[in-house]
Structures are given as C-alpha cells and as structure tokens.
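Numbering of residues begins at 1 and proceeds along the displayed sequence.
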Amino acid sequence: MALLLRFVLLCGVADFARSLSITTPEQMIEKAKGETAYLPCKFTLSPEDQGPLDIEWLLSPADNQKVDQVIILYSGDKIYDDYYQDLKGRVHFTSTDLKSGDASINVTNLQLSDIGTYQCKVKKAPGVGNKKIQLTVLVKPSGTRCYIDGSEEIGSDFKLKCEPKEGSLPLRYEWQKLSNSQKLPTSWLPEMTSPVISVKNATTEYSGTYSCTVKNRVGSDQCLLRLDVVPPSNRAGTIAGAVIGTLLALVLIGLIIFCCHKKRREEKYEKEVHHDIREDVPPPKSRTSTARSYLGSNHSSLGSMSPSNMEGYSKTQYNQVPSEDFERDPQSATLPTAKSVV
C-alpha cells in the first residue's frame with residue numbers, strides 16, 4: 001500500500017513538472033523616474049499544453065482604492081496594448097516571438113503613478129502560470145543648491161546648507177573641501193553627512209571651496225560653495241551713512257512738499273481775486289462825457305439868465321472845463337448865441 005501511494009505521488013509530481021511554469025522568480029525592482037523598467041517573465045511549456053497561448057499583464061496600483069488594470073495582452077497571435085490609458089504607448093513586449101517562452105515587458109519613461117505590483121499571467125490550456133513583480137519608482141536628487149546662511153566674518157557664526165530641489169527619501173549627504181587646505185575642522189566632522197553644517201567662531205582657515213553630494217538609491221547630484229571668511233566690516237560707518245542718507249531724503253521730500261503747497265496757495269489766491277471782480281459793474285465814465293455834462297448844465301444856467309445877469313456872469317467859468325475835453329468834443333464847445341432882448 002505504501003509503495004502504491006509513493007508511485008501515485010511520483011506520477012503527480014511528474015505531471016506537475018511537465019505543465020506550464022514561469023521560471024522568473026518574484027522580485028522587487030527600483031528605478032528612477034524617467035528611466036525604463038525591464039519586467040522579466042520567462043516561461044516553459046509542456047507537451048500537454050496544446051491550447052492557444054494567452055499572455056496578460058496586470059497592474060495593481062499602489063492606491064488600494066483602484067482595481068487591477070490590464071496593461072497589455074497577447075491573444076490570438078495579436079498584441080493589445082491600449083487597455084490602460086496611463087501607460088498607453090509606454091509598455092511593450094521585449095520579444096518579437098512570444099511563443100519562444102519570453103513574455104517580458106519594458107515600461108518606458110517611468111512616472112510616480114507607475115508604482116505598484118505587476119503580475120504576469122501565461123495560459124496555454126491546460127497549463128496556467130503567474131508571477132508578481134513589485135515596481136518602485138524613485139526620484140533622483142536634482143536641482144541641489146549650496147548656500148551660506150549668515151555673515152562670513154571672522155568670529156561670527158553661520159551655517160553651510162545643502163538643499164536638493166527634489167529627490168526620494170532616504171537621502172544621504174557628503175561634504176568635502178576642495179581647495180586651500182583639505183583638512184576640515186574637527187567640530188565639523190559629525191555634520192559632514194548632514195544637509196547643514198553649523199560654523200562657530202569662524203576663522204580665515206575655513207575659507208575655501210566646498211562640495212556637497214546628495215545621493216539616494218537611484219542617483220546623485222552635487223553643488224559647489226565658495227566660503228570667504230573676511231574681517232568684520234565697519235558697521236558704525238555703514239549705519240552712519242544710512243542715517244545721513246535717510247535724513248537727506250527726508251529733507252528733499254520736505255522741500256518738494258513745501259514747494260507744491262506754496263504753488264497751490266498762489267493758484268488759489270489768483271482764483272479768489274479773479275472771482276471777486278464783478279462783471280456787471282459798468283466801466284467808469286470817460287472825461288469826455290464828464291465835460292458834456294458840465295457844459296450842458298452851464299448852458300441851462302445861461303439860458304435862464306437875463307441880459308443884466310449876463311454881464312455879471314464871469315466867463316472864467318468856461319475856463320474851468322479842461323481844454324482837453326473841448327478838443328475831444330468840438331461840437332459841445334460851441335455855445336449857441338443868446339438872443340438879444342428888445
């Protein structure tokens with residue numbers, strides 16, 4: 001009985017070994033954003049596998065809320081690679097003869113949205129096999145900037161900083177001195193692998209060119225920094241110059257405001273004087289009209305006088321009228337002749 005059971009088990013193992021199998025082990029792959037990921041899927045067939053060959057790649061996105069997506073399919077001797085819009089045009093079979101046992105694919109121009117679990121399924125009835133590959137897309141450090149935070153003066157405290165614009169964690173930092181003296185202060189050694197180096201009581205020996213290299217599992221980036229430790233500047237003179245400049249600016253502004261105010265007052269005064277002149281007041285009478293009125297009044301007086309009164313009337317009254325007025329109005333200067341009284 002035991003021998004019979006062993007024979008059955010051996011036959012089962014032999015049958016299982018002859019069925020379709022995927023020889024590529026399950027694995028995890030890390031690639032940088034923008035690169036191409038090669039996802040292997042090698043398989044073998046047995047003589048019993050006589051059905052049509054179907055190959056299917058599925059993606060289980062890192063976001064568990066999304067369902068599995070078919071990204072590429074081989075069926076009926078045709079390839080269908082437009083199932084998943086996010087990978088359209090970026091996923092391809094690596095082999096031109098899939099029946100040879102290579103169902104591997106390439107995913108080009110990797111994006112962070114491509115992160116997830118990829119599953120290769122191969123079916124040739126009655127054989128069926130599948131394997132999973134975990135793909136992680138990382139961002140290489142880039143746009144790294146080195147700068148000094150603080151005043152580069154002797155005896156002062158400042159910081160050397162190294163900041164990449166982007167890069168997937170974890171990040172590793174490495175500082176080096178490239179010029180003058182390769183020897184670094186012992187106080188800096190604990191921070192040579194950090195993004196910030198704190199400098200205390202700086203001296204001229206710290207001057208030089210430094211490099212900072214940022215790394216992660218898929219790439220690295222570097223920046224350079226020039227440090228020049230100089231004597232303290234004349235802060236008192238700088239402050240005095242700033243104060244004097246500010247005062248001069250205030251004086252200039254005050255003069256401009258005063259001139260503008262004075263000009264406005266003059267304009268306002270001219271407008272008030274102009275409006276005070278009444279347009280309905282008649283112009284003063286001319287000297288000619290005055291002379292006429294004077295002569296007219298005297299003529300009336302002469303007409304009412306008798307001959308006896310005429311003799312006593314002094315001719316000097318006519319001389320009281322300015323000669324200029326008579327010249328301007330000669331008609332008024334001619335007096336009518338008084339009629340003689342019988």
Side-chain angles (χ1 to χ4, degrees), residues 28-35 37 62 109-115 135-257:
M28 295 182 62
I29 297 176
E30 289 184 347
K31 285 291 182 178
K33 179 183 176 183
E35 294 183 346
N109 191 21
L110 287 173
Q111 303 298 317
L112 296 179
S113 59
D114 299 336
I115 297 174
L135 175 63
T136 301
V137 180
L138 302 177
V139 178
K140 293 189 295 185
S142 63
T144 305
R145 182 172 70 101
C146 294
Y147 64 97
I148 300 171
D149 184 6
S151 176
E152 307 172 53
E153 296 181 351
I154 297 176
S156 62
D157 299 341
F158 52 85
K159 294 180 179 180
L160 309 182
K161 293 188 175 183
C162 178
E163 295 180 353
K165 185 176 181 180
E166 60 179 3
S168 298
L169 300 175
L171 295 173
R172 302 187 305 276
Y173 297 84
E174 181 180 347
W175 288 87
Q176 289 183 342
K177 191 174 183 182
L178 305 179
S179 63
N180 295 345
S181 174
Q182 299 295 328
K183 185 178 180 180
L184 294 170
T186 55
S187 59
W188 291 19
L189 296 179
E191 298 180 332
M192 295 303 290
T193 56
S194 67
V196 180
I197 294 179
S198 298
V199 180
K200 303 292 184 181
N201 192 20
T203 65
T204 55
E205 296 178 355
Y206 295 171
S207 298
T209 301
Y210 295 83
S211 70
C212 174
T213 304
V214 188
K215 300 178 180 180
N216 64 7
R217 293 195 297 268
V218 293
S220 64
D221 193 29
Q222 187 182 70
C223 63
L224 299 177
L225 180 148
R226 176 65 189 179
L227 174 61
D228 292 311
V229 181
V230 297
S233 59
N234 186 2
R235 297 183 178 179
T238 303
I239 295 174
V243 172
I244 294 174
T246 303
L247 292 176
L248 291 175
L250 292 175
V251 171
L252 180 61
I253 294 173
L255 289 175
I256 294 174
I257 294 175

Under 3.5 Å, is there a donor-acceptor pair between the side chain of D149 and the main chain of K159? no
Between V137 and Q111, is any pair of side-chain heavy atoms under 4.5 Å apart? no
Side chain of D221, backbone of K140: donor and acceptor closer than 3.5 Å? no
Okay, side chain of W175, backbone of S194: is any donor-acceptor separation there less than 3.5 Å? yes
State whether a side-chain donor-acceptor pair under 3.5 Å links Y147 with E163. yes
One should read off an interatomic distance between R226 CZ and Y210 OH, to the nearest 0.5 angstrom, of 9.0 Å
What is the minimum heavy-atom distance between K177 and S179, and which atoms define it? CE-O, 3.5 Å
Smallest separation among heavy atoms of S220 and K215, with atom names: CB-CG, 3.6 Å
For P170 against R217, the heavy-atom pair lying closest together: CD-NH1, 3.6 Å
Does the side chain of P141 come within less than 4.5 Å of Q222's, by heavy atoms? no
Rounded at 0.5 Å granularity, tell me how far CD1 in I29 sits from OG1 in T136. 9.5 Å
Measure the CD-OG1 distance between Q176 and T209 for me, rounded to the nearest 0.5 Å. 12.5 Å
Trace of the side chain to side chain contact (heavy atoms under 4.5 Å, CB included) decision for T144 with C162: CA-CA 7 Å; T144 305; C162 178; 3.7 Å; yes
Using the side chain to side chain contact (heavy atoms under 4.5 Å, CB included) rule, take L110 and K33 through it: C-alpha gap first, then chi angles, then the decisive distance, then the call. CA-CA 5 Å; L110 287 173; K33 179 183 176 183; 5.7 Å; no
With the side chain counted from C-beta on, respond yes when I154 and T204 share a heavy-atom pair under 4.5 Å apart, and no when they do not. yes
When you measure from the side chain of D157 to the backbone of N201, do you find a donor-acceptor pair of N or O atoms at a distance under 3.5 Å? yes
Is there a donor-acceptor pair closer than 3.5 Å between any side-chain N or O of S207 and the backbone N or O of V229? yes
Write down the atom of F158, the atom of S151, and the distance for their closest heavy-atom approach. CD2-O, 3.2 Å
Can you find a pair of side-chain heavy atoms, one from I257 and one from I253, that are under 4.5 Å apart? yes
Spacing of CG belonging to N109 relative to CD belonging to E35, to within rounding of 0.5 Å: 10.5 Å
Side chain to side chain contact (heavy atoms under 4.5 Å, CB included) between L224 and L178: does it pass, once the steps are laid out? CA-CA 9 Å; L224 299 177; L178 305 179; 3.8 Å; yes
Compute whether any side-chain donor of one residue and acceptor of the other, for T213 and E174, lie under 3.5 angstrom apart. no
Step-by-step side chain to side chain contact (heavy atoms under 4.5 Å, CB included) determination, C223 to R145: CA-CA 6 Å; C223 63; R145 182 172 70 101; 5.9 Å; no
Can you find a pair of side-chain heavy atoms, one from C146 and one from L160, that are under 4.5 Å apart? no
Quick one: CG on L135 to CG on D114, what's the gap to the nearest 0.5 Å? 7.0 Å
Is the shortest side-chain heavy-atom distance between K31 and V218 below 4.5 Å? no
Please answer whether the main-chain N or O of M28 pairs with a side-chain N or O of E30 as donor and acceptor at a distance below 3.5 Å. no
